[in-house]
Student: 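Below you will find the structure I want to go over with you.
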Amino acid sequence: MAVLALAGARFALADVHAAPEPIASLDLTEIAPGNYVHYGTHEERSPGNLGDNANIGFIVGNRCVAVIDTGGSAAVGRALRQALRRVTQLPVCYVVLTHVHPDHLFGATAFREDNPQFVGHTELPRALAARGKFYANALKRDLGDAAQGSEVVEPTRLVKDELVLDLGGRSVRVHAWPVAHTDNDLTVHDEQTGTLWLSDLLFVDHTPVVDGSILGFIKVLEQLREVPASHFVPGHGRTETPWPQALDAELRYLKVIVAQTRLALKARKTIQEAVDTVGYSEEANWVNFEQFHRRNVTSAYAELEWEE
Ligand SMILES: [Zn+2]
């Protein structure tokens with residue numbers, strides 16, 4: 001069996017080099033037994049990186065595999081699938097779509113042929129209906145022909161609270177969170193190895209993005225802090241900082257915005273004045289700050305404006 005598997009892996013590798021795939025191979029790190037992560041780049045998506053901007057990966061059980069996010073284009077999804085096939089020939093029975101953002105989900109089409117259950121938050125279908133078309137057009141604009149085949153894949157199994165996936169000898173707990181990074185965030189917890197996949201509930205180095213509720217985000221992070229984990233996977237970036245201290249930088253960033261936005265509101269500053277002044281003490285701590293920070297303050301202002 002082992003020899004056969006190895007031969008299969010070699011064949012797959014040779015195949016990759018021969019085929020005109022845009023991504024020849026995709027690096028995987030086995031961060032805990034059976035948990036394989038591909039770390040995406042902090043660059044903006046481009047025809048050069050094909051939308052390989054988020055951390056994605058999979059968990060292998062004795063019976064089958066759960067994929068956790070699929071990358072920002074069909075090309076990334078195909079490369080992930082090939083990388084997975086170099087690790088195991090077991091069927092892919094689940095593809096977890098952690099939330100609506102395009103850098104995490106446009107690779108899902110590559111797994112359609114595996115006929116898995118596509119797992120998403122109960123709020124995901126509504127979010128996809130509202131934004132899917134816009135995201136697909138924007139991807140086409142940014143990647144051109146390389147976006148080909150990238151389509152929104154609808155979830156076929158919804159998680160309201162929690163769902164346990166049985167991969168054979170390995171139980172994987174999918175948790176649906178209240179509004180935080182978005183209103184449709186899932187985490188995945190492999191209990192056997194204590195590996196927690198946080199997706200965009202945790203940004204490392206990359207400026208955090210608030211597309212749900214900043215107060216909700218802080219609340220969810222305080223709850224996540226209590227989850228025991230030996231290993232963890234952020235949605236963007238990687239770190240040697242242990243769990244749960246790895247959450248601290250993001251929490252501090254969000255709390256600085258809340259505190260300073262409340263002061264700005266109290267001082268009757270306009271939204272523009274708030275955007276120009278709030279949170280710049282954090283600028284040196286994050287990459288892509290200009291791109292995301294002002295938007296975070298804008299949404300915090302709108303959210304906090306109505307507080308007593
Ligand atoms: Zn996101």
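Counting convention: from 1, in listed order, for ligands and their atoms alike. All heavy atoms count here, side chains included; hydrogens, waters and symmetry mates do not.
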Student: Show your reasoning for whether side-chain hydrogen bond (donor to acceptor under 3.5 Å, both in side chains) applies to S213 and E303.
Tutor: CA-CA 7 Å; S213 155; E303 181 177 344; 2.7 Å; yes
Student: Less than 6.0 angstrom separating the ring centers of H189 and H175, yes or no?
Tutor: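 Judged by ring-centre distance (under 6.0 Å), H189 and H175 do not meet the cut-off.
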Student: Using the six-membered ring wherever Trp is involved, compare the ring planes of H181 and H101 and label them parallel, tilted or perpendicular (cut-offs 30° and 60°).
Tutor: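 Perpendicular.
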Student: Report the distance from atom NE2 of H206 to atom NE2 of H42, rounding to the nearest 0.5 Å.
Tutor: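 Going from NE2 on H206 over to NE2 on H42, the span is 7.0 Å.
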Student: Quick one: does H236's side chain have a donor or acceptor within less than 3.5 Å of a partner on N53's backbone?
Tutor: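 Yes; at least one donor-acceptor contact below 3.5 Å.
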Student: Could you check N285, N296, D248 and say which one makes a side chain to side chain donor-acceptor pair (under 3.5 Å) with Y253?
Tutor: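 When N285, N296, D248 are each tested with Y253, the side chain to side chain donor-acceptor pair (under 3.5 Å) holds only for N296.
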Student: Check for me: within less than 2.8 Å of the Zn ion (ligand 1), which protein N/O/S atoms show up?
Tutor: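 Atoms qualifying: H99 NE2, H101 ND1, H181 NE2, D200 OD2.
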